[in-house]
*Asks:* 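Let me begin by handing over the structure; questions about it come next.
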2 protein chains.
Amino acid sequence: MEVKNKQQGIKVVADVLDIVGGKWRGQILAHLCDNPKRFNELKTVLSRITSSTLTKELRYLEDIKMVERKIIQETPMIVEYRLTKHGMSIKDLIKTIVEWGLKHRAIVFKKD
Amino acid sequence: MEVKNKQQGIKVVADVLDIVGGKWRGQILAHLCDNPKRFNELKTVLSRITSSTLTKELRYLEDIKMVERKIIQETPMIVEYRLTKHGMSIKDLIKTIVEWGLKHRAIVFKKD
DNA sequence: AATACAGGTAGTTTTTAAGATACTTACTTT
DNA sequence: AAAGTAAGTATCTTAAAAACTACCTGTATT
């Protein structure tokens, strides 16, 4: 797929980064790439996130249909978050980000 | 290249998004993918950015060695910004972002 | 009976990013 | 001589993102 309209193409960068950017969204999506996770599992792997922030981010990702919330069991309550079918499409992008990051960290993440 | 350490891999997502994320960095890098641009060219294509923000973002991108500032001519002053050799490596990532965005915009950017 | 876990919500405060406004130096054009 | 261009800098303010603290319902554990 070629980029037809360059201006349009470049604006879309900002839109995508709105979804995947910020402090937590990319990481949440990355964790959900592997397999579905429960609220507290996410909270544990994202060790510094607070409940309220995690809730907000998950609700946003639900709103844009990237993630779905599934109540697995009512009592005791088990809730699972997973990528939607559509959300799965982000996997390759996340993979590209991770690969670039691992390859270039030595140069670029050096805060001297 | 396979991701060896998953935890490490996922943290790197946040580091990369720090470089490419925010309101302007991704767009600046995207514009510089095509060819070098002068300060005011960038200011024009990023139509809503202010001088001070553009300067800040460019200095940051210089600091991390993604972009270099080159004085082409002292008088009258001509300054050009271009991707460093290392910065060029971001092109594929930007391309992946643009392609994902163009393909999925209909579903995901719909704010109803 | 008390404590802890699961999955949150509500309200406030702090931090960070971005924007607004004004000004600068050195040159060039009218 | 005045105005305009190029490439910025310096402050200050605003807005948005994230954090902090406390609390809630229902179940399970000690």
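Both backbone and side-chain heavy atoms feed into the values below; hydrogens, waters and symmetry mates do not. Per chain, numbering begins at 1; letters A, B, ... match sequence-line order.
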*Asks:* D:dT9 C1' sits how many Å from B:F39 CZ, rounded?
*Replies:*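 Whole-Å distance recorded here is 10 Å.
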*Asks:* Does the distance from a Lys or Arg side-chain N to an Asp or Glu carboxylate O, for B:R38 and B:E41, drop under 4.0 Å?
*Replies:*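 Salt bridge flag = no for B:E41 with B:R38.
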*Asks:* Report the relative orientation of the aromatic rings in A:W100 and B:H86; use parallel for angles under 30°, tilted for 30 to 60°, perpendicular for over 60°.
*Replies:*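 Because their plane-to-plane angle lies in the 30° to 60° range, the rings of A:W100 and B:H86 count as tilted.
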*Asks:* If you look only at distance, which donor and acceptor atoms sit under 3.5 Å apart when one is on a side chain in residues 64-76 of chain A and the other is two or more places apart or in another chain?
*Replies:*
residue, atom, partner, partner atom, Å
A:R69, NE, A:Y81, OH, 3.3
A:Q73, NE2, A:P76, O, 2.9

*Asks:* Could you go step by step and tell me if B:L54 and B:I28 meet the side chain to side chain contact (heavy atoms under 4.5 Å, CB included) rule?
*Replies:* CA-CA 9 Å; B:L54 181 54; B:I28 291 169; 3.9 Å; yes
*Asks:* Roughly, in whole Å, what's the span from OH in A:Y60 to P in D:dA16?
*Replies:*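 Answer to the nearest Å: 14 Å.
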*Asks:* Expressed in angstrom and rounded to an integer, what is the separation of A:Q73 atom CD from D:dG26 atom C1'?
*Replies:*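 Interatomic distance, CD of A:Q73 to C1' of D:dG26: 13 Å.
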*Asks:* Quick one: B:I78 CD1 to D:dA7 C1', roughly how many Å, whole number?
*Replies:*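 Whole-Å distance recorded here is 11 Å.
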*Asks:* When rounded to the nearest 0.5 angstrom, what is the spacing between CD1 in B:I97 and CD1 in A:I19?
*Replies:*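 Spacing of CD1 (B:I97) from CD1 (A:I19) equals 11.0 Å.
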*Asks:* Strictly under 3.5 Å: I want the nitrogen or oxygen pairs between protein and nucleotides 17-21 of chain D, one per line.
*Replies:*
residue, atom, partner, partner atom, Å
D:dA18, OP1, A:K23, N, 2.6
D:dA18, OP2, A:E57, OE2, 3.2
D:dA19, OP1, A:K23, NZ, 2.5
D:dA19, OP2, A:W24, NE1, 2.9
D:dC20, N4, A:S52, OG, 2.9

*Asks:* Can you give the first and last nucleotides of DNA chain C, 5' to 3', that have an atom under 4.0 Å from a heavy atom of chain A?
*Replies:*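 Span of nucleotides near chain A: C:dA6 to C:dA10.
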*Asks:* Side chains of A:S51 and A:K43: do they bring a donor and an acceptor to under 3.5 Å?
*Replies:*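 A pair is found: one side chain offers a donor N or O, the other an acceptor, under 3.5 Å apart.
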*Asks:* Atom CH2 in A:W24, atom CG in A:L42: separation rounded to 0.5 Å?
*Replies:*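 CG of A:L42 is found 11.0 Å from CH2 of A:W24.
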*Asks:* State whether B:R38 places a side-chain N or O below 4.0 Å from either non-bridging phosphate oxygen (OP1 or OP2) of D:dA6.
*Replies:*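 Checking D:dA6 against B:R38, no side-chain N or O comes under 4.0 Å of OP1 or OP2.
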*Asks:* Could you state the CD-C1' distance from A:E74 to D:dA28, rounded to the nearest angstrom?
*Replies:*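 Atom-to-atom, A:E74 to D:dA28, this comes out as 17 Å.
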*Asks:* With rounding to the nearest 0.5 Å, note down the distance linking CG in A:D15 to CZ in B:R105.
*Replies:*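 Output value for this atom pair is 7.0 Å.
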*Asks:* Could you tell me whether A:S51 contacts a base, only the sugar-phosphate backbone, or nothing, with contacts defined as non-hydrogen atoms closer than 4.0 Å?
*Replies:*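 Base: the residue A:S51, judged by heavy atoms under 4.0 Å, touches a nucleobase.
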